[in-house]
Amino acid sequence: MVSVTTWNINSVRLRMPLVEQFLTAHAPDVLCLQEIKCIEEQFPAKAFRELGYEHIAIHGQKGYHGVATVSRLPFREISRYDWQDNGEARHVGVQLTDPAHQGMVIENVYVPAGGDVPDREVNAKFGQKLDFLERMARWADKVDQPTLIVGDFNIAPLESDVWSHKQLLKVVSHTPIEVEALQRFMDAHGWTDIGREHVPAPQRYYSWWSYRNPNWQTNDKGRRLDHMWASPDLAKQATRHTILEEARNWERPSDHVPLTTEFSL
DNA sequence: ATGGTTGTCATACAA
């Protein structure tokens, strides 16, 4: 069995106590973090090692963005793509090296949020988000190994991935143009959306609730921005998928919650 | 239509 968690942690240094709480209680084999918000030298590697996560791949930058993958299973870092073509740290790829794990590739990605206005003519960040997705699609077309790609995709593609489809149609993260770009990425490899395999639409499934709504639980204006997508054959080996919604209620929480998938490898 | 919050870094920017 191999278990993998993805979690946008929104500052790994600030939230290391929550990470420790999560790892102690749930102990996934691999943890993919997004928005670590630090450079490699500032990453709390020692704390991870002491928890048994001795294998660490960090792609960081000062203050913003940044991703890291930590693991109890041995891996080798294989890639750091700049799909935005602007030097931001938004991806790191690793491959498990123990033969028992069949060379499983784990890609950890943080798709840009894309700013507020869903129009690339007036909002460059939105254009960068769309370009990022197109470059991901071109890359996915060539993927030829069993791969799991996880992370904060910053897009909620399905109607049941948001609290109100109608009210969010013009809100960045749920606009048709983004959903279509994400679909091109999906079609380029034929990924399986593991989250929706295990929690089929139209069931409620959210992974993020804004800090701007203090009554997040009562109002439940969530979105499914975080995803775990697998190559078709690998997806068939996914046995369990969990959403740790309670983590949104922890003290000084991230606005995203951890998602975990277990594979029979 | 507007503002609501958080984190980093330095008082603005990204989400």
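Side-chain atoms are counted along with the backbone in the values below, which use heavy atoms only and exclude waters and symmetry mates. Per chain, numbering begins at 1; letters A, B, ... match sequence-line order.
Toward the 5′ end of DNA chain B lies the nearest nucleotide of A/Tyr211, the other residue of the pair A/Tyr211 and A/Gly115 mapping further downstream. Summary of the strand contacts: A/Pro214 and A/Cys38 both lie near DNA chain B, and taking for each the nucleotide with the nearest heavy atom, the more 5' one is attributed to A/Pro214.
For B/dA15, the OP1/OP2 oxygens have no side-chain nitrogen or oxygen of A/His256 closer than 4.0 Å. Side-chain N/O atoms of A/Arg90 include one lying less than 4.0 angstrom from OP1 or OP2 on B/dA15. Contact annotation: A/Ser210 side-chain N/O to B/dA15 OP1/OP2 distance is not under 4.0 Å. Contact annotation: A/Arg13 reaches the phosphate of B/dC9 (side-chain N/O to OP1 or OP2, under 4.0 Å). Between B/dC9 and A/Lys62, no contact under 4.0 Å exists linking OP1 or OP2 to a side-chain N or O. Put simply, A/Arg15 has no side-chain N or O that comes within less than 4.0 Å of OP1 or OP2 on B/dT6.
Summarising the geometry, the separation between CG on A/Asp116 and C1' on B/dT5 is reported as 14 Å, rounded to the nearest angstrom. Between the CG atom of A/Asn8 and the C1' atom of B/dA15 there is a distance of 9 Å, given to the nearest Å. At whole-Å resolution of the value, CD1 in A/Ile9 and C1' in B/dA15 are 15 Å apart. As rounded to whole Å, 18 Å separates atom P of B/dA14 from atom CD1 of A/Ile36. A/Trp208 has its CH2 atom 12 Å from the P atom of B/dA15, to the nearest Å. Whole-Å rounding puts the A/Arg252 CZ to B/dT5 P distance at 15 Å. The separation between A/Tyr64 atom OH and B/dC9 atom P is 8 Å, rounded to whole Å. Note: CG (A/Asn10) to P (B/dT6) measures 11 Å, nearest angstrom.
When ring centroids are compared, A/Trp83 and A/His91 come within the 6.0 Å threshold.
When the C1' atom is compared between B/dG3 and B/dC9, the two are found 24 Å apart, to the nearest whole Å. Atom name C1', nucleotides B/dA15 and B/dG4: the rounded distance is 14 Å, in whole Å. The gap from the P atom of B/dT6 to that of B/dT2 amounts to 23 Å, rounded to the nearest Å.
Side-chain polar atoms of A/Arg223 and A/Ser207 form no donor-acceptor pair below 3.5 angstrom. A donor-acceptor contact under 3.5 angstrom links the side chains of A/Asn8 and A/Glu35, judged on distance only. Under the 3.5 Å distance criterion, with hydrogens and angles disregarded, a donor-acceptor pair is assigned to the side chains of A/Thr6 and A/Gln34.
With sequence neighbours left out, A/Lys221 forms a side-chain hydrogen bond (donor to acceptor under 3.5 Å, both in side chains) with no residue at all.
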